[in-house]
Protein chains: 2
Amino acid sequence: MRSAAAGNRVACAGEVTGTPRGELMQIGQVAERTGLSLRTIRFYEENGLVLPTARSEGGFRLYSQDDVARLDVIKRMKPLGFSLEEMQELLGLLTELDSDDGDRAQLLDRLRMFHEAATARVTALRDQLAVAEGFAGSLAAHLDSRR
Amino acid sequence: MRSAAAGNRVACAGEVTGTPRGELMQIGQVAERTGLSLRTIRFYEENGLVLPTARSEGGFRLYSQDDVARLDVIKRMKPLGFSLEEMQELLGLLTELDSDDGDRAQLLDRLRMFHEAATARVTALRDQLAVAEGFAGSLAAHLDSRR
DNA sequence: GAACTCGTCCCTCACGTCAGGGTTGGGCGA
DNA sequence: TCGCCCAACCCTGACGTGAGGGACGAGTTC
């Protein structure tokens, strides 16, 4: 299905491979880079998580390198089981901290709460892992005894 | 919410604590024991995972010790991310193996496949945990540097 | 009569999937 | 050089799914 060769953009002079910095890419390329599905990327936009930097004349979404970075952050957050709403808040928090304009102390406080939630989720994940390992082990035991 | 004290069954003579073996309990007690919600237990029944051993005259679900054991198995499977359908199959498999009647070799083969799937899910969980730890760590780093 | 349970209904979340149509840009004929 | 075609890509909108959550009015049990 995915025919990578049939790109509709000819390589410019000096361009070696992939998309050069400063260029915008459309959703398919972003999906390839991030490993997210088109639907997922659009869904994140619907929910205000990552808005494409631009749109083409005809309405195609055009993403910058920064947009892709945001998507990567989301991808790294996912195993923590945060809701989209929480991810949105955290993303906003991080960009606000980068461009210092808000109430620094309050921002850091909120960030600390996220960190607490994250570590809590990590221990929950560890517990889940232990249960999972236990179950897999008991399956193995069943197999051994019934051989 | 969960009022443990308000049991609607009076203790019989000779009964010290909890529900004695051989007795049936209704859904609330089962929920307490398993840590599953009433809704979840009913949902599992709807999907053929755990049917109550009996019903009261008036239609209350009545569960045996074995039923509770099945629910516990499900609870232990959950972190592996199996679907309800898969859990149903695995439960059936196990009971078929206990009461030996079917094609033993084939049953064991299917069990082996479950074991493989389980170990695969375990490694996936480990990966997720690693990502989660990484993210939590980067949050901590952010906090440190912005202090 | 208080606590418990029943079945039924709609709600949520994070997407998947389908349908039907529009856009992009290279290539080709004229 | 202009126009058109075509494949590949993309759009919106709507409905479906999995695993339950929550509420409700009525019935049951003790």
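Every chain is numbered from 1, with letters handed out A, B, ... down the list of sequences.
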Quiz item: What integer distance in Å separates B/L62:CG from C/dC6:P?
Solution: 9 Å
Quiz item: Can we say B/R126 and B/E133 salt-bridge, meaning some charged N sits less than 4.0 Å from an Asp/Glu carboxylate O?
Solution: no
Quiz item: In whole angstroms, how far is the P atom of C/dT24 from the CZ atom of A/F60?
Solution: 6 Å
Quiz item: Do A/L36 and A/L51 share a hydrophobic cluster (ILVMFWY, side-chain heavy atoms under 4.5 Å, transitive)?
Solution: no
Quiz prompt | B/E46 CD - C/dG7 C1' separation (whole Å) | solution = 9 Å
Self-check item: B/R121 with B/E116: basic N within carboxylate O range, under 4.0 Å
Solution: no
Quiz item: Is there a side-chain contact between A/T53 and A/L62 (heavy atoms, below 4.5 Å)?
Solution: no
Quiz item: Taking 4.0 angstrom as the limit, do B/D109 and B/R112 come out as a salt bridge?
Solution: yes
Quiz item: When the distance from CD of B/E57 to P of C/dC4 is rounded to whole Å, what number comes out?
Solution: 22 Å
Self-check item: Lys/Arg N to Asp/Glu carboxylate O, A/E45 vs A/R70, below 4.0 Å
Solution: no
Identify all pairs in which a protein N or O lies below 3.5 Å from an N or O of nucleotides 12-17 of chain C, and state each distance.
| residue | atom | partner | partner atom | Å |
| --- | --- | --- | --- | --- |
| C/dA14 | OP1 | A/L84 | N | 3.3 |
| C/dC15 | OP2 | A/Y44 | OH | 2.9 |
| C/dG16 | OP2 | A/S37 | OG | 2.8 |
| C/dG16 | OP2 | A/T40 | OG1 | 3.4 |
| C/dG16 | N7 | A/R39 | NE | 3.3 |
| C/dG16 | O6 | A/R39 | NH2 | 3.3 |
| C/dT17 | O4 | A/R39 | NE | 3.1 |

Quiz item: So, is B/R42 close to the C/dG7 phosphate, meaning a side-chain N or O under 4.0 Å from OP1 or OP2?
Solution: no
Quiz item: Would you say B/L111 and B/L90 make side-chain contact, with heavy atoms under 4.5 Å?
Solution: yes
Practice problem: Ignoring backbone atoms, establish whether B/R61 has a side-chain N or O less than 4.0 Å from OP1 or OP2 of C/dT5. | Solution: no
Quiz item: Pick the nucleotide of DNA chain D nearest each of A/I27 and B/S56; which residue has the one closer to the 5' end?
Solution: A/I27
Quiz item: To the nearest angstrom, how far is B/Y63 atom OH from C/dT5 atom P?
Solution: 10 Å
Practice problem: Rounded to the nearest angstrom, tell me the gap between atom CD in B/E45 and atom P in D/dA19. | Solution: 17 Å
Quiz item: Rounding to a whole Å, what distance do you find between B/N47:CG and D/dT17:P?
Solution: 13 Å
Quiz prompt | Gap between atoms CE and P, on A/M25 and C/dT24 respectively (whole Å) | solution = 18 Å
